[in-house]
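Comments concern the structure below.
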Amino acid sequence: MKAASSALFLEFSLLCEKLSSTSSNSEKVRLLASYLRNLESEDLGIAVDFLLGRASRVRSSEGRANVAFATVRDALCQVVTFSDDQLLQLYKEHGDLGEVAMELLSSGHAAPLVRGQLTLKRIRDGMDDIASAQGSGSEKRKVMTLTGLLLDSSPLEAKYLIKILTSDMRIGVSEGFIAEAAAEAFSVGKEAVRKAYLLVNDMSKVAVMAKEGRLSDAGFSLFTPIRPMLAEPASSARQIIDDMGRCYVEDKYDGIRLQVHKKGGEVRLYSRAMDDVTRFFPEIVEQISRLNEDFALDGELIYEAGGRLRFFSLQKLLRNEGRREKHPLKFVAFDALYAKGRSLLDLPLVERKRELFALGYDNCAPFKEVSAPEDLERAFKDSIARGNEGIVAKDPESTYQPGARGKRWFKLKKALDTLDVVVIGAQYGNGKRKGLLSDYVFAVRRSRDDPTLVPIGKAYSGLTDEELRDYHDFFMRNKIGEKGNTVWVLPRLVIEVGFQSIQRSARYESGYALRFPRIISVRADKKLDEIDDLQRVEDLFKAQG
DNA sequence: GCTGATGCGTC
DNA sequence: GTCGGAC
DNA sequence: GTCCGACGACGCATCAGC
């Protein structure tokens with residue numbers, strides 16, 4: 001008898017099948033709980049990671065394996081024969097690489113006579129191998145390892161193998177359900193599991209803690225980031241006041257969310273996804289390490305010069321390790337999570353602000369208390385005038401709720417600009433939008449006198465499923481060509497797109513692109529000669545300052 | 001050494 | 001970041 | 001209220017292939 005036995009991957013795959021075919025939340029929890037209950041600790045950790053599409057633990061906190069379409073295609077090539085056309089066709093039909101793999105394997109070209117048995121641990125080892133591949137030849141190595149696993153996979157197992165590897169599970173299960181299931185499986189309180197998760201921030205660890213009765217070990221600790229609290233979008237100052245009454249308001253900066261932990265001489269910076277980004281921003285480390293106290297702060301990293309380009313300037317630095325030049329970076333702190341040796345998460349904002357300002361850090365975000373819509377409105381205008389995105393309004397009595405987008409923090413952003421554009425193409429969707437033209441490419445006129453259409457962006461967001469289905473048929477009737485994933489259509493459908501701002505772009509012929517585009521309405525009343533032109537785009541771009 | 005494809009993380 | 005859909 | 005999935009633009013790192 002082998003000591004290192006491990007749960008079968010086939011059972012895991014069957015569970016996933018059941019999960020994806022049920023829409024009932026309670027049924028999902030029940031299925032998960034009865035599966036998780038019988039796993040020993042190591043398998044439990046792996047199973048939770050896999051359920052969340054987290055392939056490996058090496059190299060990346062988010063479990064990414066640096067594998068997507070191309071690598072999977074190359075591995076499948078080793079196992080089954082198919083043409084490029086076939087593959088694209090299948091992908092178009094299924095909108096999901098895992099399902100494509102299942103389909104290809106079940107056509108039965110290459111099933112070996114004897115298949116090794118796949119266990120969770122064996123898959124995890126393979127995933128680790130793939131994720132840790134680096135340097136010259138790493139692509140080949142990834143393909144080889146994946147091929148090895150595929151050779152031992154039944155079609156169903158291949159489906160989930162690929163889904164995990166590409167972090168593309170789509171089984172309707174995420175952290176929330178796992179938390180509930182772990183509570184049920186190991187007979188512990190749901191709240192205890194949730195609370196541990198907010199602090200430990202790793203569902204696979206939390207599940208194991210629940211199993212082993214160690215949930216109470218969880219506590220806030222320095223150098224373990226927590227999920228940042230989020231703000232709910234609001235449509236007006238009045239709505240915010242109606243919901244919260246009195247609130248604290250501060251500017252919404254166009255930067256990068258940052259959590260700063262300091263203990264003694266050690267300073268660590270964490271991004272919104274809780275990746276350690278310390279190495280990219282030495283300026284901030286230097287500023288923070290001058291301070292005396294130990295603490296954890298929440299705030300926004302901003303670029304102080306560059307006008308409209310502030311966010312882009314930051315983005316350039318984000319992966320740029322070991323640079324020599326200095327940049328005008330500033331960490332604006334707006335919350336304190338930990339100070340004086342204790343967690344502040346359960347204190348109301350009023351007191352957290354007090355603790356924050358008591359640290360003597362000179363870049364705390366200024367804030368004001370308001371209780372009238374007009375005052376909030378004024379704060380909003382002032383913020384825009386300072387070149388910021390809008391405001392965030394917070395309930396002074398609220399505790400810090402990690403990861404929550406509740407009605408305790410609201411954000412109010414600048415009103416959208418809009419353009420009337422015409423749809424010139426549409427792309428096939430993935431997952432639940434498989435086989436559906438679900439992403440529209442649109443264009444403006446070159447000028448008032450020149451009706452040539454120049455592409456400027458893509459959008460789907462804003463349409464309902466029903467509308468997508470209707471326009472799918474419309475586009476198929478107006479199809480004039482097809483290339484890759486895109487169907488080109490006669491320019492007949494005029495839509496109004498909203499966006500946050502306009503960017504220079506090499507991606508589109510127009511030379512511009514839209515930030516956060518969405519479809520506001522379909523302008524069936526408008527004709528092709530009524531859409532906006534490039535001149536207007538340029539005007540809007542310049543007006544941004 | 002350069003270029004294009006690919007992957008990933010920020011908003 | 002955005003949004004719609006389902007519970 | 002909350003969770004989930006289907007999507008936008010950008011820029012950088014990495015690797016394959018020339």
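Naming convention: chains lettered A, B, ... in sequence-line order (proteins, then strands); numbering from 1 in each chain.
Contact between the side-chain N/O atoms of A:R257 and the OP1/OP2 oxygens of B:dT10 is not found at any separation under 4.0 Å. Of the side-chain N and O atoms in A:R515, none sit less than 4.0 angstrom from OP1 or OP2 of D:dG8. Taking 4.0 angstrom as the limit, A:K458 places a side-chain polar atom (N or O) nearer than this to OP1 or OP2 of D:dG8. Proximity of A:S461 to the phosphate of D:dA6: no side-chain N or O atom is located under 4.0 Å from OP1 or OP2. In this structure, A:K411 reaches the C:dT2 phosphate: one of its side-chain N or O atoms is under 4.0 Å from OP1 or OP2. An OP1 or OP2 oxygen of B:dC11 is reached within less than 4.0 angstrom by no side-chain nitrogen or oxygen of A:Y253. Applying the 4.0 Å criterion to OP1 and OP2 of C:dT2, one finds that A:K413 has a side-chain N or O inside that range. Taking side-chain N and O atoms only, A:K252 has a distance below 4.0 Å to OP1 or OP2 of C:dG1. Note on A:N25: every side-chain N or O is 4.0 Å or more away from OP1 and OP2 of D:dC3. Checking the phosphate oxygens (OP1, OP2) of D:dG5, no side-chain nitrogen or oxygen of A:R170 falls inside 4.0 Å.
Note: CG (A:D168) to C1' (D:dC4) measures 13 Å, nearest angstrom. The CG atom of A:N388 sits 16 Å away from the P atom of B:dC11 (whole-angstrom rounding). Rounded to whole Å, the distance from CD1 on A:I302 to C1' on B:dT10 is 16 Å. Atom CD in A:Q503 sits roughly 14 Å away from atom P in D:dG8 (whole-Å rounding). Regarding A:D439, its CG atom lies at a distance of 15 Å from the P atom of C:dC3, rounded to whole Å. Atom CD1 of A:I520 and atom P of C:dT2 are 12 Å apart (whole Å). Between A:M274 atom CE and B:dC8 atom P the separation is 17 Å, expressed in whole Å. The distance between atom CD1 of A:I502 and atom C1' of D:dC10, rounded to the nearest whole Å, is 15 Å.
Counted by atom type alone, A:Y270 and A:H261 present zero donor-acceptor pairs between their side chains at under 3.5 Å. Defined by atom type and a distance below 3.5 Å, a donor-acceptor pair is present between the side-chain atoms of A:Y160 and A:E17. For the residue pair A:Y197 / A:R227, a side-chain donor-acceptor distance below 3.5 Å is found, with atom types taken as modelled.
Heavy atoms of A:S24 sit nowhere under 4.0 angstrom from any nucleic acid atom. Using a 4.0 Å heavy-atom distance criterion, A:Q315 is classed as a base contact. Nucleic acid contact class of A:L230 (heavy atoms, under 4.0 Å, all strands): none. When heavy atoms are screened at a 4.0 angstrom cut-off, A:I519 is found touching no nucleic acid atom at all. Nucleic acid contact for A:S505: sugar-phosphate only, since backbone atoms but no base atoms lie under 4.0 Å from a heavy atom of the residue.
You'll find that the side chain of A:F516 is closest to C:dG1, out of D:dA9, C:dG1, D:dA16. For A:S174, the listed nucleotide lying nearest its side chain is D:dC4; candidates were D:dC7, D:dA16, D:dC4. Distances from the side chain of A:R319 to the nucleotides D:dC7, D:dC3, B:dG9 place B:dG9 closest. Nearest to the side chain of A:R73, among B:dT6, D:dA9, C:dC3, sits B:dT6. Out of D:dC12, B:dG7, C:dG5, the shortest distance to the side chain of A:T464 is found at C:dG5. Set against D:dG1, D:dA9, C:dG1, the side chain of A:A513 has D:dA9 as its closest nucleotide. Closest approach to the A:R433 side chain among D:dA6, C:dG4, D:dC10 is made by D:dA6 (side chain taken as heavy atoms from C-beta onward). When distances are taken from the side chain of A:K432 to each of D:dG8, D:dC7, C:dG4, the shortest belongs to C:dG4. Taking every side-chain heavy atom of A:F177 into account, D:dC3 is the closest of D:dC7, B:dT10, D:dC3.
The base of D:dC15 does not come close enough to the side chain of A:E139 for any donor and acceptor atom to sit less than 3.5 Å apart.
For the pair A:R504 and A:R194, both in contact range of DNA chain D, the more 5′-proximal nearest nucleotide belongs to A:R194.
A distance of 3.5 Å separates CD in A:E250 from NZ in A:K394, rounded to the nearest 0.5 Å. Interatomic distance, CD1 of A:I531 versus CG of A:D420, reported as 8.5 Å (0.5 Å rounding).
In this pair, A:F475 and A:Y471 present their aromatic rings tilted. The plane angle is within the 30 to 60° band.
Ring-centre distance between A:Y460 and A:Y440: not below the 6.0 Å cut-off.
With respect to the salt-bridge test (charged N to carboxylate O, under 4.0 angstrom), the residues A:K159 and A:D96 do not qualify.
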